[in-house]
Amino acid sequence: MTTREKVHWHIKVLGRVQGVNFRHYAYTQAQGLGITGYAQNNPDGSVTIEAEGDIDSLKEFVDLCSIGSPKAKVYNIETEEGGLLHFDDFRVR
C-alpha cells in the first residue's frame, strides 16, 4: 500500500466529547486534510467517526482528534481499519 492510497478507518473517541463542539472540530480538521466520512454522537457519550483518506492524513486527523475542541477532554481513541465506503464529503450527523 502506498501512503497516498485511500483507506477507511472506524474511529471511536471517548471522553467529554459531546456538547463541546467536538464533531464540528472533527469536521473542520477533516476538511483541511481532505478526509471524507462523518462524525456522530453515540448514546454512551462517545463520538464515532467514519473516515477515509490516505494513511498519513488519517494519522494526522487522529492526532488532532486526540487534542479535540477547546472544551473537550479526550481520554482514549480506538481505531480500526475497514472497507472503503466511498464518501463524497465529511458530514456531522
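Predicted model, so just to flag it, every value in this text is computed and none were measured.
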With a 4.5 Å limit on heavy-atom distance, are the side chains of Asp54 and Glu5 in contact?
no
Return all side-chain donor-acceptor pairs below 3.5 angstrom for residues 27-37, not counting sequence neighbours, or 'none' if the list is empty.
unit_1: Thr28; atom_1: OG1; unit_2: His24; atom_2: O; d: 3.1

Please enumerate all residues that pass side-chain contact (heavy atoms from CB on, under 4.5 Å) together with Leu85, with sequence neighbours excluded.
His8, Glu52, Phe87
Sequence neighbours left out, what pairs pass salt bridge (charged side-chain N to carboxylate O under 4.0 Å, His left out) with at least one residue falling in residues 34-45?
Lys12-Asp44
Apply side-chain contact (heavy atoms from CB on, under 4.5 Å) to Asp88 and list each qualifying residue two or more places apart in sequence or on a separate chain.
none
Using links of under 4.5 Å between side-chain heavy atoms of ILVMFWY residues, direct or through other members, which residues join Leu14 in one cluster?
none
What pairs meet the salt bridge (charged side-chain N to carboxylate O under 4.0 Å, His left out) rule with one or both residues in residues 66-80, with sequence neighbours excluded?
none
Tell me the closest heavy-atom pair linking Val7 and Leu58, and the distance in Å.
CG2-CD1, 3.3 Å
For Asn41, enumerate each residue passing the side chain to side chain donor-acceptor pair (under 3.5 Å) test, keeping only those at least two apart in sequence or located in another chain.
Arg23
If every non-hydrogen atom of Gly45 is compared with every non-hydrogen atom of Val17, which pair is closest and at what distance?
O-CG2, 3.5 Å
In short, Gly68 meets Phe22 closest at the heavy-atom pair CA-CE1, 3.7 Å
Please list every donor-acceptor pair under 3.5 Å in which a side-chain atom of residues 60-67 meets a protein atom from a residue at least two apart or in another chain.
unit_1: Ser66; atom_1: OG; unit_2: Asp63; atom_2: O; d: 2.5

Side chain to side chain donor-acceptor pair (under 3.5 Å) filter on Arg91, not counting sequence neighbours, yields Asp89
CD (Gln40) and OG (Ser46) are apart, to the nearest 0.5 Å, by 9.5 Å
Look at the side-chain heavy atoms of Ile, Leu, Val, Met, Phe, Trp and Tyr, link any pair under 4.5 Å apart, and say whether Val92 and Ile11 land in one connected group.
yes
List for me each residue that meets side-chain contact (heavy atoms from CB on, under 4.5 Å) alongside Lys59, sequence neighbours excluded, and say none if there are none.
Trp9, Ile55
Minimum heavy-atom distance between Ile49 and Ala39, given as atom pair plus value
CG1-CB, 3.9 Å
Side chain to side chain contact (heavy atoms under 4.5 Å, CB included) between Thr48 and His10, worked out:
CA-CA 7 Å; Thr48 292; His10 172 81; 3.4 Å; yes
